Amino acid sequence: MKHLTGFQRKVFEVVQKIPKGSFLTYKKVAEEAGFPWAWRAVGNVLNKNKNPKIPCHRVIRSNGKIGGYNKGVKKKMSLLLEENVVTKR
DNA sequence: CGTATGACGTGCA
DNA sequence: GTGCACGCCATAC
C-alpha cells in the first residue's frame, strides 16, 4: 500500500466504504474524507490510483455526469448501471 | 524547489 | 438548459 499521504489514504477509505447501490460525488467524498476544500485533488488521486480495491466508479461528478475512469468511462457507466442501478444521465 | 496537469466545481453569458 | 472561463487543491514531473 506504500506511502500514501493522509489525504489519499482518507479518500481511499471513504470510497472503499461506499455502500453498494449508492454513489458519492467528488466533493462529497472530499467532505467525508475530511478535506472538503480539496475536492479537486480527490479526482486527481483517483485518476492516478491503480488500486482495483477502490470502487472509484462509485464516485461521480456533482453535475450528474459520470465523470471519467482510468479503466474506461464506458466501464464505469456499465458498473453504475449494474450496481448503482441508475439511469443513463 | 518550481511548474504544469487533471476523473472538478461554480459563475457568468 | 447549454457553453465558456476561471479558480482550486494535491500530485507528478
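Because the structure is predicted, anything quoted here is derived from the model rather than measured. A, B, ... follow the sequence lines: proteins, then strands. Residue 1 opens every chain.
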Rounding to a whole Å, what distance do you find between [X]:[atom1] and [N]:[atom2]?
X        : N       : atom1 : atom2 : value
Leu4(A)  : dT11(C) : CG    : P     : 10 Å
Lys50(A) : dA12(C) : NZ    : P     : 10 Å
Leu46(A) : dG6(B)  : CG    : C1'   : 12 Å
Trp39(A) : dC9(C)  : CH2   : C1'   : 8 Å
Asn47(A) : dA4(B)  : CG    : P     : 20 Å
Lys65(A) : dG1(C)  : NZ    : P     : 11 Å
Lys28(A) : dG9(B)  : NZ    : P     : 13 Å
Ile60(A) : dA7(B)  : CD1   : P     : 17 Å

About how many Å separate [atom2] of [Y] and [atom1] of [X], when rounded to the nearest 0.5 Å?
X        : Y        : atom1 : atom2 : value
Arg61(A) : Ile66(A) : CZ    : CD1   : 11.5 Å
Ile18(A) : Glu13(A) : CD1   : CD    : 11.5 Å
Trp39(A) : Thr25(A) : CH2   : OG1   : 11.5 Å

Residue [X], side-chain atoms from C-beta onward, closest of [options]:
X        : options                  : result
Ser62(A) : dA7(B), dT10(B), dA10(C) : dT10(B)
Asn63(A) : dC9(C), dG9(B), dA7(B)   : dG9(B)
Val45(A) : dC9(C), dA7(B), dT11(C)  : dT11(C)

Residue pair Leu46(A) / Cys56(A): nearest heavy atoms and the distance that separates them: CD2-CB, 4.0 Å
Short side-chain N/O contact to [N] OP1/OP2 from [X], under 4.0 Å:
X        : N       : result
Arg61(A) : dG9(B)  : yes
Thr5(A)  : dA10(C) : no
Asn44(A) : dG6(B)  : no

Give one of base, sugar-phosphate or nothing for [X], where a contact means two heavy atoms less than 4.0 Å apart.
X        : answer
Ala38(A) : sugar-phosphate
Asn70(A) : base
Phe7(A)  : sugar-phosphate
Trp37(A) : sugar-phosphate

Any donor-acceptor pair under 3.5 Å from Lys76(A) side chain to Gly68(A) backbone: yes
Any donor-acceptor N/O pair under 3.5 Å between dA7(B) base and Tyr26(A) side chain: yes
